[in-house]
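Any value given below was found using the heavy atoms of this structure, including those in side chains, with hydrogens, waters and symmetry copies removed. In the text below, chain A, chain B and the rest are named by the order of the sequence lines, each starting its count at 1.
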There are 4 protein chains.
Amino acid sequence: MNVQLNNFNSKREAILNSTLLLVKEYGFHGAPMSQIAKHANVAAGTIYHYFDSKETLIVELYIRTKDQLAEAILEGYDESKSYKDRFFRFMINQYNFYIKNESAMVFLEQYINSPFAKNFPEKDSVLFKEKVIAFFQAGIDGEYFKKIDPRLLGPTIRGTLVAAANFRLSEHMIYSEEDITEVVQIVWDGIKRQ
Amino acid sequence: MNVQLNNFNSKREAILNSTLLLVKEYGFHGAPMSQIAKHANVAAGTIYHYFDSKETLIVELYIRTKDQLAEAILEGYDESKSYKDRFFRFMINQYNFYIKNESAMVFLEQYINSPFAKNFPEKDSVLFKEKVIAFFQAGIDGEYFKKIDPRLLGPTIRGTLVAAANFRLSEHMIYSEEDITEVVQIVWDGIKRQ
Amino acid sequence: MNVQLNNFNSKREAILNSTLLLVKEYGFHGAPMSQIAKHANVAAGTIYHYFDSKETLIVELYIRTKDQLAEAILEGYDESKSYKDRFFRFMINQYNFYIKNESAMVFLEQYINSPFAKNFPEKDSVLFKEKVIAFFQAGIDGEYFKKIDPRLLGPTIRGTLVAAANFRLSEHMIYSEEDITEVVQIVWDGIKRQ
Amino acid sequence: MNVQLNNFNSKREAILNSTLLLVKEYGFHGAPMSQIAKHANVAAGTIYHYFDSKETLIVELYIRTKDQLAEAILEGYDESKSYKDRFFRFMINQYNFYIKNESAMVFLEQYINSPFAKNFPEKDSVLFKEKVIAFFQAGIDGEYFKKIDPRLLGPTIRGTLVAAANFRLSEHMIYSEEDITEVVQIVWDGIKRQ
DNA sequence: AATGAATGAGTCTTCATTCAT
DNA sequence: GATGAATGAAGACTCATTCAT
């Protein structure tokens with residue numbers, strides 16, 4: 001009964017997932033549409049039923065991935081907890097997301113440092129902006145953090161977490177709760193109001 | 001007498017500079033050899049006298065740029081100062097380098113997040129490794145920093161400084177000494193042994 | 001009771017009309033089946049219920065359009081009039097048809113100058129051949145015209161009328177009876193037995 | 001010594017000639033760049049050293065061909081002859097050009113009836129406009145012709161000559177001087193001031 | 001009869017690289 | 001050393017056609 005819907009989503013999702021994997025592995029340039037199609041088990045032309053161009057595909061994948069990151073960050077959000085606890089939760093969630101979704105992390109980093117990000121600054125996750133960035137803003141307003149522009153805060157946090165995740169992943173280490181806390185502590189100590 | 005040498009260097013340098021600019025502006029994919037040649041005022045074939053392939057060109061540009069970064073970081077190094085003072089000097093120098101060489105920063109970030117970095121991990125600046133990373137290691141050994149792996153420390157610091165430089169550059173703000181100190185303070189507070 | 005038939009015809013006609021318009025506007029190459037379907041308000045696959053292939057569609061459209069031209073030319077045919085009067089009537093009718101059906105004219109000209117005409121010489125309007133060309137033949141046999149092969153006469157007449165219609169249409173001029181007579185006079189003076 | 005020039009021209013000319021032939025045989029759509037390259041004995045990419053795109057190639061071929069037509073028409077031009085004699089000479093030259101260069105004629109007719117002509121009305125032979133059309137204008141001004149707009153006169157003449165040439169060519173007849181004169185007479189009788 | 005998602009061969013075009021001069 | 005015309009493999013994308021529903 002909802003087969004149609006499933007099929008629709010499954011092809012589209014397969015294409016997005018295939019793109020994520022190939023871009024992570026070989027970069028934007030090294031991920032030809034033909035390969036993306038092959039890995040998604042669809043014909044090359046099929047991609048163009050779902051996406052206008054390779055550019056569109058990449059940009060939509062970025063938004064989807066950032067949405068997923070935002071969802072992961074917001075998981076288990078508990079208003080009753082203290083700001084610091086909630087902040088730690090955010091960081092741990094983000095770190096875990098990177099560890100569990102290496103391709104997502106690598107893709108996001110590539111995207112952010114590519115001309116795409118400059119050319120389509122308006123194409124971004126609404127969820128991330130409205131929930132995650134807003135939460136950071138609240139931390140600044142509530143004087144938990146140093147008086148830093150939130151547009152500086154975000155990338156600073158991301159930079160450290162990505163660095164940590166990359167390190168752990170490259171070392172093939174099993175990450176423990178202590179690992180995570182240690183990294184988050186770096187972030188926190190850096191930006192908290194002393 | 002060394003005109004020939006100068007010419008040799010000037011063409012080579014022109015090609016590297018042209019590549020840096022074009023990669024910064026359009027990404028690896030958007031910087032064809034023909035354009036690189038045109039911007040360097042040389043013929044397309046000439047590039048192949050200095051570099052085996054586009055890949056080689058990019059990798060050598062990476063090493064040169066990282067060398068330049070290392071040199072900038074080490075500028076005014078004064079053994080007689082305290083470790084903390086020297087660390088702050090390192091950070092300020094790096095930050096200034098990014099501000100003054102946006103294309104270098106953008107190129108480095110693109111490179112680090114591209115498959116190149118993964119495929120040629122051994123191709124890197126010797127100067128950077130032997131002086132800069134070694135200095136961080138000393139900070140860990142000397143218990144100035146938290147007990148963090150130096151391979152984590154480097155990217156963490158870079159992440160924050162790049163975030164800050166990007167922010168300043170995108171805002172077209174004139175950066176002041178306070179700006180710099182504020183950012184370096186974030187880094188320092190994050191990693192210093194509490 | 002003949003609703004079905006009407007529907008059948010209406011879809012078929014819609015497809016033919018859509019093709020005529022798009023070919024006129026963008027040429028054979030610029031009229032993809034998907035666009036033809038969209039403009040005809042049918043699904044892409046539906047076209048293949050009525051026509052075997054795009055080639056068939058074009059050829060059948062040619063025959064239909066030439067049939068329509070023949071019908072227009074023969075309108076008000078009056079055996080009792082003199083040959084010259086009937087000839088003028090033919091010309092005026094043809095000229096008017098072009099003016100009122102620009103897409104038909106453009107399509108016919110494109111078709112005649114395309115490989116289609118060469119590859120399917122037998123695919124043509126029976127009505128046109130049996131009535132219009134036969135009438136010209138009668139003019140030759142009856143010694144009203146110079147002694148020209150009828151296969152030369154047809155295109156010669158067409159050439160002048162199309163030139164005139166194109167000129168009028170591109171000038172966005174309101175054509176008058178005198179205009180028409182003037183053009184027909186050129187044709188007549190050219191071919192009539194002096 | 002002028003080998004370079006020859007080579008340059010020879011490749012460019014080979015590409016244009018190859019295009020002319022293939023477009024004549026298979027139409028615009030049926031002449032892929034790969035085939036054009038193959039028939040010209042060059043690599044596919046080479047075409048793009050001489051022409052920006054397929055569109056440019058076609059348009060430049062049109063201008064070149066129309067230039068050649070104009071040159072052929074103007075051959076043996078003799079100011080001392082009467083206007084009528086010179087007009088007949090023009091017509092005979094044009095007719096002969098069509099007979100001897102069937103592909104040029106077919107290409108020109110295809111082009112004129114394609115969207116190209118509509119989209120690039122300014123791209124045309126200067127020689128043709130300044131010499132041939134000007135000569136027709138002189139005929140109107142000198143009252144040799146009926147009072148017709150020159151923009152109507154040109155296509156009218158072309159229409160008849162092309163019709164005649166096509167007929168002769170399709171009949172594989174050897175054309176004689178009488179043939180030509182007969183056709184030109186049709187043109188002349190049609191447009192001359194009675 | 002009608003749909004439109006899916007196909008994949010084929011198209012134009014780009015671009016790293018070569019090589020004769 | 002230097003040139004830049006030439007190459008041709010590979011890429012993004014189109015589109016006539018099919019077929020399950």
Side-chain angles (χ1 to χ4, degrees), chain A residues 3-4 7-8 11-12 28-38 40-57, chain B residues 4 7-8 11-12 29-38 40-58, chain C residues 4 7-8 11-12 29-38 40-58, chain D residues 3-4 7-8 10-12 15 28-38 40-57:
Chain A
V3 172
Q4 206 105 22
N7 278 343
F8 176 84
K11 295 242 175 196
R12 198 187 140 89
F28 291 129
H29 180 43
M33 294 300 254
S34 55
Q35 282 301 308
I36 291 174
K38 188 176 283 177
N41 277 319
V42 299
T46 303
I47 300 179
Y48 292 87
H49 273 284
Y50 296 99
F51 306 96
D52 282 348
S53 64
K54 190 175 183 181
E55 199 169 67
T56 305
L57 168 58
Chain B
Q4 208 105 24
N7 278 344
F8 176 86
K11 295 239 177 196
R12 196 187 141 88
H29 181 43
M33 294 298 256
S34 56
Q35 282 300 309
I36 290 173
K38 186 177 283 175
N41 278 319
V42 299
T46 304
I47 300 179
Y48 290 86
H49 278 287
Y50 297 100
F51 306 96
D52 283 347
S53 65
K54 188 174 186 183
E55 201 168 65
T56 304
L57 167 58
I58 298 286
Chain C
Q4 208 106 27
N7 278 344
F8 175 85
K11 294 240 178 196
R12 197 187 140 90
H29 181 44
M33 294 298 256
S34 57
Q35 283 299 308
I36 291 173
K38 186 178 283 177
N41 277 319
V42 300
T46 305
I47 300 179
Y48 290 85
H49 278 285
Y50 297 99
F51 306 95
D52 283 347
S53 67
K54 189 175 184 182
E55 199 167 66
T56 305
L57 167 59
I58 298 286
Chain D
V3 172
Q4 207 104 22
N7 278 345
F8 176 84
S10 73
K11 295 243 176 197
R12 199 188 139 90
I15 292 165
F28 291 128
H29 180 44
M33 293 299 254
S34 55
Q35 283 299 309
I36 291 173
K38 188 176 284 178
N41 276 319
V42 300
T46 303
I47 300 180
Y48 291 87
H49 273 285
Y50 297 99
F51 306 95
D52 282 348
S53 64
K54 189 174 184 180
E55 199 169 66
T56 304
L57 168 58

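Across the protein-nucleic acid pair, A/Phe51 atom CZ and F/dC13 atom P stand 13 Å apart, rounded to whole Å. As a whole-Å value, the separation of A/Lys54 NZ from F/dT14 P is 15 Å. Summarising the geometry, the separation between NE2 on B/His29 and C1' on F/dG11 is reported as 8 Å, rounded to the nearest angstrom. As rounded to whole Å, 15 Å separates atom C1' of E/dG10 from atom CD1 of D/Ile36. Straight-line distance from the OH atom of D/Tyr48 to the C1' atom of F/dG8: 13 Å, rounded to whole Å. In this structure, B/Gln35 places its CD atom 15 Å from P of F/dG4, rounding to the nearest Å. Atoms CE (A/Met33) and C1' (E/dT13) sit 16 Å apart, rounded to a whole Å. One can place NZ of D/Lys38 at 11 Å from P of E/dT11, the figure rounded to the nearest angstrom.
Distance from the side chain of D/Ala44 is smallest for E/dT13 among the nucleotides E/dG4, E/dT13, F/dC13. Checking E/dC12, F/dT3, F/dA12 against every side-chain atom of B/Val42, the shortest atom distance belongs to F/dT3. Between F/dG8, E/dT11, F/dA16, one nucleotide has an atom nearer to the side chain of C/Pro32 than all others, and that is F/dA16. When the nucleotides E/dA6, F/dT3, F/dT17 are ranked by their closest atom to the side chain of A/Lys11, E/dA6 comes out on top. Taking every side-chain heavy atom of B/Ser53 into account, E/dT17 is the closest of F/dT17, E/dA16, E/dT17. Checking F/dT14, E/dA5, F/dA5 against every side-chain atom of D/Tyr50, the shortest atom distance belongs to F/dA5.
Closest approach of A/Gly30 and A/Pro32 over heavy atoms only: O-CD, 3.2 Å. The two residues D/Ile36 and D/Ala31 have their closest heavy-atom pair at CD1-O, 3.6 Å.
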Test side chain to side chain contact (heavy atoms under 4.5 Å, CB included) applied to A/Lys11 and A/Tyr50, step by step
CA-CA 9 Å; A/Lys11 295 242 175 196; A/Tyr50 296 99; 3.6 Å; yes
Working note: B/Met33 + B/Tyr48, criterion side chain to side chain contact (heavy atoms under 4.5 Å, CB included); need CA distance, chi angles, decisive distance, verdict.
CA-CA 10 Å; B/Met33 294 298 256; B/Tyr48 290 86; 3.4 Å; yes
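The phosphate of F/dA2 has neither OP1 nor OP2 within less than 4.0 Å of any side-chain N or O from B/His49. Contact annotation: B/Thr46 reaches the phosphate of F/dT3 (side-chain N/O to OP1 or OP2, under 4.0 Å).
Rounding to the nearest 0.5 Å gives a distance of 14.0 Å between CZ of B/Arg12 and OG1 of B/Thr46. To the nearest 0.5 Å, the span separating CG on D/Asn41 from CD1 on D/Ile15 amounts to 11.0 Å.
Both C/Ile47 and D/Asp52 sit near DNA chain E, but only C/Ile47 has its closest nucleotide nearer the 5' end. Along DNA chain F, the nucleotide closest to A/Phe28 and the one closest to C/Ser34 are compared, and the more 5′ of them pairs with A/Phe28. When each of A/Gly45 and D/Ala31 is assigned the nucleotide of DNA chain E with its nearest heavy atom, A/Gly45 is the one assigned upstream, toward the 5' end.
Pairs of Watson-Crick or G-U wobble type, with distances under 3.5 Å, assemble into runs of 3 or more in DNA chain E at these ranges: E:2-21 with F:2-21.
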